[in-house]
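Report on one structure; see the data block that follows.
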Amino acid sequence: MQKRFRLARSEDFKRVRRSGKSYAHPLVVLIALKSNQARIRVGVAAGRTVGTAVIRNRAKRLLREAMRILLSDIAPATDDASGWDLILIARPGLASASLQDTRLALTNLLRRAHILSPVHE
RNA sequence: CAGGUCGGUCGGGCGAUCGCGGUCCUGCGUUGUCGGGACCGAGGAAAGUCCGCACUCCACAGAGCACGGCGUCGGAUAGCACCCGGGGCGGGGAACCCUCCGUGAGGAGCUAACCUGCCGGAAGAGGGCCACAGAAACAAACAGCCAACCCCCCCGCCGCUCAAGCGGCACCUCCCCCACAUUGGGAGAGGCUGGGUGGGGUGGGUGAUGGUGAAAAGGUGGUGUAAAAGACCACCGGCAUCCGUAGUAAUACGGAUGGCCAGGUAACCCCCGCCGGGAGCAAGACCAAGCAGGGACGAAGCCAUCUGCGGAUGGCGGGAGGCGGCUCGUCUUCAUAUGCGCUCUCUCAUGCGAUGAGAGAGCCAGUCCCGGGUAGGUUGCAUCGAGCGGCGCGGCGACGCGCCGCCCAGAGAGAUGAUCGCACAGGCGAGGCAACUCGCCAGACAGAAUGCGGCUUAUAGACCGGCCUGAGGU
RNA sequence: GCCACCGUAGCACAGCUGGCAGUGCAGACGAUUCGUAAUCGUCAGGUCAUGGGUUCAAAUCCCAUCGGUGGCU
């Protein structure tokens, strides 16, 4: 996932976490907020309860890789002036899941947030 | 070969596709949150933060105190307490042999290499503590033992627990009998001085005898004494000093001399010696914008039109600043409020203040300059270093020296991942005498964040080597 | 990056100037009651986080490790 699709600034994180809408899954939590920019930006987080540094990094890599695959599906649909800012928070157990499980979890969450249309795929 | 033990190296490999971070180069009618290419891209512990430094800022005349750390000897190093090599004391340590226990299977001990803990001072000063038990925990007291003196009691010695009582045996004096040269034998009566294994007291001596305890203080045997004691002697043990030998030294061995006392605890205070200023890359430096704050300059009028008389619009003029061809022009911007506004002064209501009323004066907009801290960006910081690799030399080693070659991660919500294939090892199951074949499973611990050295902790496994013990062969 | 504190019975905590491991609640049994609660009595329950060391003796003192909590920048 390239840098331009990433949510990086600390204030952006605060804004999305405060006023965004959250969707939970046993493996991941999604927080979504409509932005005024054309592209979609994604931030990834893993707290201390997930595990040690190795486990946290693996969880974040899994989320980024799964999001990279899904990004090509939803990117052309949002070519108007309203994109999304998303935060993905890893939960304990994600590091032992496979990429397939992670992608299915993310697809579920994005459909519930109406970012990925149910007609797609 | 088997067992034990120690050290070192590696710690998943190759290939394909998709993807990520950095550096350099490069493309464009499209300069982009664009595309392309080359190269590089986690560890032995990157971890814990237990020590030591580099580096940066702050503080600082010098010395000392307080506080903290360290403390056998020598070495290594930029530096380091746990690095290297020695020394002393203690603990652990397989099989065989040996010893002990066991009918026996077996168990315990001894022990090599090796592992491991501790290390200034209690015979240099002082203080504290040592539960329970015990007379007493360090310095004497208490009980005990001992002779002397005083008072009371008793009376030969031996036995019956004892001095009284009983029995036996003996001494002295007197008397009787027998024998006789003399010594003597038998029976009976009495027993002073003094003595006592008795009781009490006084002032002394004595030291380890006192069931205890982790610890009472050199051990054994003897001499000695009123009783005793290293008081003295022999042997043994330990300590200190000196000398000799070995060693740089700690120390070891041997000899001589000394005095036998000095309980333990300094990971209790303490004393002696040495070391230490504080904070930490979120240190620190720089940059543009805005904010708090500080400073400088500083206008408030006139006219016209409309009017529902509250005002509105326009023009001239004015302020601050920028630019230019700088007595000027142009551009940007601001204000023009008789307002329940603010401040100050004076007068009245009362002596003052508050409050109220009245009168007067001043302020308000804006522009420019300086500008702390925070957030943001750049840097510190990513090739020049206590750097890495190879070879040689010196050293037992930690390590050092010389030559050659190399440049080797650098993010900032934080880059290494996913899928597949191939061999190589691992475990489980099935088949098979075995070699082997097939199927399934899982890839150890773990992720840089300024850098470096040491330590500690986690770690599936693979490979190599040293030492010791035992067995066999040559 | 730096620093401090804590770990003791099922739970919450004392004890940490070294010598007995304790308190409250919870648990079991008994008494009281027609029965329950309350109350009273008795009992059980401990690798003092782990491993070394100092000491005659360690929950306590020293060192290392593991886990947890909190703070500063």
Side-chain angles (χ1 to χ4, degrees):
Chain A
M1 191 167 61
Q2 287 174 328
K3 227 174 180 177
R4 60 187 161 128
F5 295 123
R6 258 184 240 164
L7 189 64
R9 318 270 310 181
S10 181
E11 49 196 273
D12 291 339
F13 263 81
K14 283 178 186 166
R15 181 169 47 81
V16 172
R17 290 201 66 147
R18 194 172 54 243
S19 47
K21 193 165 167 53
S22 68
Y23 306 89
H25 185 271
L27 293 178
V28 203
V29 175
L30 167 73
I31 303 179
L33 184 69
K34 268 196 191 301
S35 73
N36 50 6
Q37 289 184 307
R39 64 182 182 277
I40 187 165
R41 294 188 300 176
V42 181
V44 168
R48 290 187 67 165
T49 53
V50 174
T52 58
V54 175
I55 296 172
R56 290 200 302 271
N57 281 338
R58 162 146 185 93
K60 292 200 274 187
R61 282 169 191 152
L62 272 176
L63 288 177
R64 277 197 291 266
E65 177 69 16
M67 204 61 207
R68 185 181 67 84
I69 300 166
L70 292 171
L71 214 54
S72 57
D73 293 340
I74 58 180
T78 61
D79 51 355
D80 53 346
S82 65
W84 288 89
D85 282 342
L86 306 178
I87 295 178
L88 300 173
I89 301 173
R91 284 186 149 181
L94 179 66
S96 54
S98 68
L99 179 67
Q100 195 71 18
D101 298 337
T102 310
R103 207 183 58 176
L104 287 176
L106 277 185
T107 309
N108 182 309
L109 288 173
L110 290 173
R111 278 180 184 157
R112 283 164 55 190
H114 302 292
I115 297 168
L116 196 64
S117 62
V119 189
H120 249 293
E121 198 173 351

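The chains referred to below are lettered A, B, ... by the order of the sequence lines, with proteins before strands, and numbering in each begins at 1. The figures here come from the full heavy-atom set of this structure, side chains too, leaving out hydrogens, waters and symmetry mates.
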Given the [atom1] atoms of [N] and [M], what is the spacing between them in whole Å?
{"N": "B/A112", "M": "B/G431", "atom1": "C1'", "result": "49 Å"}
{"N": "B/C342", "M": "B/A312", "atom1": "P", "result": "24 Å"}
{"N": "B/G230", "M": "B/A140", "atom1": "C1'", "result": "23 Å"}
{"N": "B/C261", "M": "B/A229", "atom1": "C1'", "result": "15 Å"}
{"N": "B/G412", "M": "B/G447", "atom1": "C1'", "result": "16 Å"}
{"N": "B/G88", "M": "B/U457", "atom1": "C1'", "result": "32 Å"}
{"N": "B/G301", "M": "B/C363", "atom1": "P", "result": "11 Å"}
{"N": "B/A228", "M": "B/U251", "atom1": "P", "result": "45 Å"}

Provide the Watson-Crick or G-U wobble partner of [N], both distances under 3.5 Å; none if there is no partner.
{"N": "B/U419", "value": "B/A16"}
{"N": "B/U77", "value": "none"}
{"N": "B/C260", "value": "none"}
{"N": "B/G470", "value": "B/C1"}
{"N": "B/U33", "value": "none"}
{"N": "B/G117", "value": "B/C89"}
{"N": "B/C98", "value": "B/G109"}
{"N": "B/G213", "value": "none"}

Checking one value: the base orientation of [N], syn if chi is within 90 degrees of 0, otherwise anti.
{"N": "B/G310", "answer": "syn"}
{"N": "B/C408", "answer": "syn"}
{"N": "B/A42", "answer": "syn"}
{"N": "B/A282", "answer": "anti"}
{"N": "B/G120", "answer": "anti"}

Following the transitive rule for hydrophobic clusters with a side-chain heavy-atom cut-off under 4.5 Å over Ile, Leu, Val, Met, Phe, Trp and Tyr, establish whether A/Leu106 and A/Tyr23 coincide in one cluster.
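Hydrophobic grouping puts A/Leu106 with A/Tyr23.
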Between [atom2] on [N] and [atom1] on [X], what's the gap in Å once rounded to a whole number?
{"X": "A/Ile89", "N": "B/A413", "atom1": "CD1", "atom2": "C1'", "value": "12 Å"}
{"X": "A/Arg103", "N": "B/U419", "atom1": "CZ", "atom2": "C1'", "value": "12 Å"}
{"X": "A/Glu65", "N": "B/U416", "atom1": "CD", "atom2": "C1'", "value": "12 Å"}
{"X": "A/Ile87", "N": "B/G414", "atom1": "CD1", "atom2": "P", "value": "12 Å"}
{"X": "A/Arg56", "N": "B/A413", "atom1": "CZ", "atom2": "C1'", "value": "13 Å"}
{"X": "A/Ile55", "N": "B/G417", "atom1": "CD1", "atom2": "C1'", "value": "16 Å"}
{"X": "A/Asn57", "N": "B/A411", "atom1": "CG", "atom2": "P", "value": "17 Å"}
{"X": "A/Leu62", "N": "B/G19", "atom1": "CG", "atom2": "P", "value": "18 Å"}

Where the side chain of [X] is concerned, which of [options] is the nearest nucleotide?
{"X": "A/Lys60", "options": "B/A418, B/G414, B/A446", "answer": "B/G414"}
{"X": "A/Arg61", "options": "B/C18, B/A418, B/G447", "answer": "B/G447"}
{"X": "A/Arg68", "options": "B/A448, B/G414, B/G19", "answer": "B/G19"}

Before you tell me yes or no, could you show the steps for A/Leu109 and A/Leu88 under side chain to side chain contact (heavy atoms under 4.5 Å, CB included), namely the whole-Å CA-CA distance, both residues' side-chain angles and the distance that decides it to 0.1 Å?
CA-CA 10 Å; A/Leu109 288 173; A/Leu88 300 173; 5.5 Å; no
So, the side chain of A/Arg103 versus the backbone of A/Leu70: is there a donor-acceptor pair under 3.5 Å, distance only?
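A pair under 3.5 Å: no.
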Please tell me if A/Arg64 has a side-chain N or O lying less than 4.0 Å from either OP1 or OP2 of B/A415.
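For B/A415, OP1/OP2 do have a side-chain N/O of A/Arg64 under 4.0 Å.
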Respond yes when some side-chain nitrogen or oxygen of A/Arg58 is under 4.0 Å from OP1 or OP2 of B/A418, and no when none is.
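For B/A418, OP1 or OP2 has a side-chain N or O of A/Arg58 closer than 4.0 Å.
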Can you tell me which stems RNA chain C forms, taking runs of 3 or more consecutive Watson-Crick or G-U pairs with both distances under 3.5 Å?
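So the stems come out as C:1-7 with C:66-72, C:10-13 with C:22-25, C:27-31 with C:39-43, C:49-53 with C:61-65.
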So, applying side chain to side chain contact (heavy atoms under 4.5 Å, CB included) with A/Val44, which one of A/Arg61, A/Arg64, A/Met67 is it?
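Checked A/Arg61, A/Arg64, A/Met67 against A/Val44; only one passes side chain to side chain contact (heavy atoms under 4.5 Å, CB included): A/Arg64.
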In the structure I gave you, are the side-chain heavy atoms of A/Trp84 and A/Lys34 within less than 4.5 Å of one another anywhere?
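Yes; the side chains approach each other to less than 4.5 Å.
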